[in-house]
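Single-structure report; data block below.
These numbers come from a predicted model, not from an experiment.
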Amino acid sequence: MAGIVFISFAKGGSIHTDASFYYGVILLIISNIVGASTNIIVAKNRNKVSPVMLTAFANFSGGLILYIVSFFTEDWYVKPYSLEFYIAWIWLALIPAVGFSIWYSLLKRPEVKVSELNMWKFVVPVAGVVLSWLLVPGEYPDLYSILGIFIITVALLILQRQPNEK
């Protein structure tokens, strides 16, 4: 968490006058609480919860909430979109759906600990940052991002290190 907080505040400074920054932080915290709760529910009910149905429900309810919020925050108009848009839209819908189905399938396994699997969620921001550097024009590494990624990576390595048994 320290690495992600470090990157976030280093990019925008520690004082934000724009309320949307804080709304975003609050939504991220809520998202993490809901995600952690869902992981615990799946692990406690390993044989009762379908990973695919759970993912479908989460995606549907999240999409519905975003749709409702958009009525109050966005301008509505009809616009033609290119084929590239629809391909990207389908890609962005399928990848998380498949990923979360795999994630919840792993949580159903008795040998998988929720706490150990949840640590690997911190690979997502690292991968996102690195991929943006590689794929998005104008994105490049800076000292704060590199330090944040270093903190996250070291934390993951320390937490995954198995103690030597004698």
Side-chain angles (χ1 to χ4, degrees), residues 1-40 42-43 51-52 54-56 58-63 65-66 69-70 74 81-109 111-163:
M1 288 270 285
I4 293 171
V5 170
F6 182 81
I7 292 170
S8 298
F9 281 106
K11 290 290 185 182
S14 59
I15 299 174
H16 293 275
T17 56
D18 185 12
S20 65
F21 174 82
Y22 297 104
Y23 294 147
V25 170
I26 290 168
L27 287 174
L28 283 171
I29 291 169
I30 291 169
S31 172
N32 282 312
I33 291 169
V34 170
S37 301
T38 307
N39 289 343
I40 292 168
V42 170
V52 175
L54 184 60
T55 302
N59 288 344
F60 178 78
S61 58
I65 291 168
L66 287 174
V69 168
S70 73
E74 300 294 326
Y81 292 103
S82 67
L83 178 62
E84 181 182 54
F85 167 84
Y86 289 106
I87 291 170
W89 181 51
I90 290 169
W91 176 260
L92 291 171
L94 288 178
I95 293 301
V98 169
F100 278 111
S101 293
I102 293 169
W103 183 269
Y104 291 131
S105 295
L106 287 171
L107 283 172
K108 285 185 71 158
R109 293 180 166 193
E111 70 271 13
V112 174
K113 292 182 181 176
V114 176
S115 57
E116 290 178 3
L117 189 59
N118 275 338
M119 286 185 299
W120 287 100
K121 283 186 178 179
F122 290 101
V123 171
V124 173
V126 172
V129 168
V130 172
L131 285 173
S132 71
W133 292 338
L134 296 172
L135 301 174
V136 178
E139 291 284 332
Y140 54 90
D142 61 15
L143 180 62
Y144 296 114
S145 298
I146 293 171
L147 286 174
I149 287 174
F150 178 75
I151 292 168
I152 294 168
T153 304
V154 168
L156 283 172
L157 292 173
I158 289 171
L159 291 170
Q160 288 300 307
R161 187 171 170 257
Q162 299 295 324

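- Within 6.0 Å of the CZ atom in Phe60, the count of heavy atoms belonging to other residues, nucleotides or ligands does not exceed 12.
- Using a 30° and 60° split on the angle between ring planes, Trp89 and Phe85 fall in the parallel class, below 30°.
- Between atom CD1 of residue Ile152 and atom CG of residue Leu157 there is a gap of 12.0 Å, rounded to the nearest 0.5 Å.
- Between Trp91 and Pro96 the shortest heavy-atom distance is O-CD, 4.3 Å.
- Atom CG of Leu94 and atom OG of Ser101 lie 10.5 Å apart (nearest 0.5 Å).
- Of the inter-residue distances, the one linking Tyr81 atom OH with Tyr86 atom OH reads 7.5 Å to the nearest 0.5 angstrom.
- Atom CG of Leu131 and atom CD of Glu139 lie 11.5 Å apart (nearest 0.5 Å).
- Distance CD1/Ile95 to CG/Leu92: 8.5 Å, rounded to 0.5 Å.
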